[in-house]
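The structure appears right after this line, and notes come after that.
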Amino acid sequence: MTKPCMICCAITGSLPTKANNPAVPITVEEQIESTHEAFEAGATIVHAHVRNDDQTPSSDPEKFARLKEGLLKHCPGMIIQFSTGGRSGAGTTRGAMLPLKPDMASLSVGSNNFPTRVYENPPDLVDWLASEMMTYGIKPEIEAFDLSHIIKAKEMMDKGQLKAPPYVQFVMGVKNAMPADRDVFDYYIHTVKRLFGDDAPWCAAGIGAQQIVINEWAVSSGGHARTGLEDNVRIDKNTLAASNAALVKRVVDLCDKYDRPVATAAQARDILGL
């Protein structure tokens, strides 16, 4: 297989702290440095959250602006994807950074259970976030925690709320949501191809110990892979990951194993139509 594989690095997230792994980048400066290392290791997309000084999640547009500025300087060509996830704010505050016009932004199109809460994505908020992304020329990454979310993406595409084809990411391994199930994974791929065409790009992310499992399923199946300290802070059960770059390197090794070149930033932009 010679199809280039895009590697997305979710560098920080909303939950991991220095207590979980000292390598988790919290400040904007730490995030820029960690992303640069991941970029040099082979990541072509950075999925970014920002944090307050006390490590709690934030939606502060000023922090996102400083992060974007630093990434443009130190990671030329890398695709910048901001999170609009629900842990860092409520309602339209979740999209407060979208006027900064990142290349991409995450878009959860439906609700589901998380480990200790309901991850709420009401239809009116989903519609508003999609509209803002369309207004500012931002490519959404559809976060599919459930099969219904892929179906919803098709509905939104047909209504003109998303440009065709949507870019869908399967998220598996979140407690109380979809586990890392190979039959479900394969059906997700089948559904994306049925709804959006055989050439529609897709990605997959695994949480915790399932990260490397889903990485391998994605790379070996012709998809793209997400890794990073947001989803998993360990290399194995007994070893903390030294950096985001160390997790990226694992995916690069899988690309070598399955004879897939790691996509360059330019190739990734072509694949995504950016």
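Computed from a prediction, not measured in an experiment: that's the story for all the values here.
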For [X], side-chain hydrogen bond (donor to acceptor under 3.5 Å, both in side chains) partners two or more places apart:
X	value
E216	K257, Y258
K139	none
D53	none
T44	none

Go through it in stages, so that I can follow the logic: the residues are Q31 and V50, the test is side-chain contact (heavy atoms from CB on, under 4.5 Å), and I'd like the CA-CA distance, side-chain angles, deciding distance and then a yes or no. CA-CA 9 Å; Q31 289 179 313; V50 293; 4.2 Å; yes

Between Y119 and F145, what is the ring plane arrangement, given parallel below 30°, perpendicular above 60°, and tilted in between? perpendicular

Minimum-distance pair of heavy atoms, taken over all atoms of L71 and I80: CB-CD1, 3.9 Å

Measure across V248 and A43 and return the closest heavy-atom pair with its distance rounded to 0.1 Å.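 Where V248 meets A43 most closely, the heavy atoms are CG1-N, 3.7 Å.
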
With sequence neighbours excluded, residues passing salt bridge (charged side-chain N to carboxylate O under 4.0 Å, His left out) with [X]:
X	value
E69	none
K159	E155
R51	none
E30	K18

Between Q211 and T227, a side-chain donor and acceptor under 3.5 Å: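 Indeed, the side chains of Q211 and T227 share at least one donor-acceptor pair under 3.5 Å.
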
Determine whether N20 and L229 satisfy the following criterion, side-chain contact (heavy atoms from CB on, under 4.5 Å), listing intermediate values before the conclusion. CA-CA 10 Å; N20 303 123; L229 291 168; over 6 Å; no

Of all pairs that satisfy salt bridge (Lys or Arg N to Asp or Glu O under 4.0 Å), the ones with a partner from residues 239-249, not counting sequence neighbours: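 Sorted result for residues 239-249: K249-D253.
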
Are V192 and M156 connected in a single hydrophobic cluster, I mean Ile/Leu/Val/Met/Phe/Trp/Tyr linked by side-chain heavy atoms less than 4.5 Å apart?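 Same cluster: M156 reaches V192 through Ile, Leu, Val, Met, Phe, Trp or Tyr contacts under 4.5 Å.
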
With hydrophobic residues grouped by side-chain heavy-atom distances under 4.5 Å, do F185 and L195 end up in a single group? yes

Does any pair with a residue in residues 186-209 pass side chain to side chain donor-acceptor pair (under 3.5 Å), and if so which ones, sequence neighbours excluded? R182-D186

Sorted by chain and residue number, the side-chain contact (heavy atoms from CB on, under 4.5 Å) partners of D60 (sequence neighbours excluded) come out as S58, E62, K63

Side-chain hydrophobic cluster, 4.5 Å single linkage: members besides M6: I45, I79, M104, Y167, I271, L272, L274

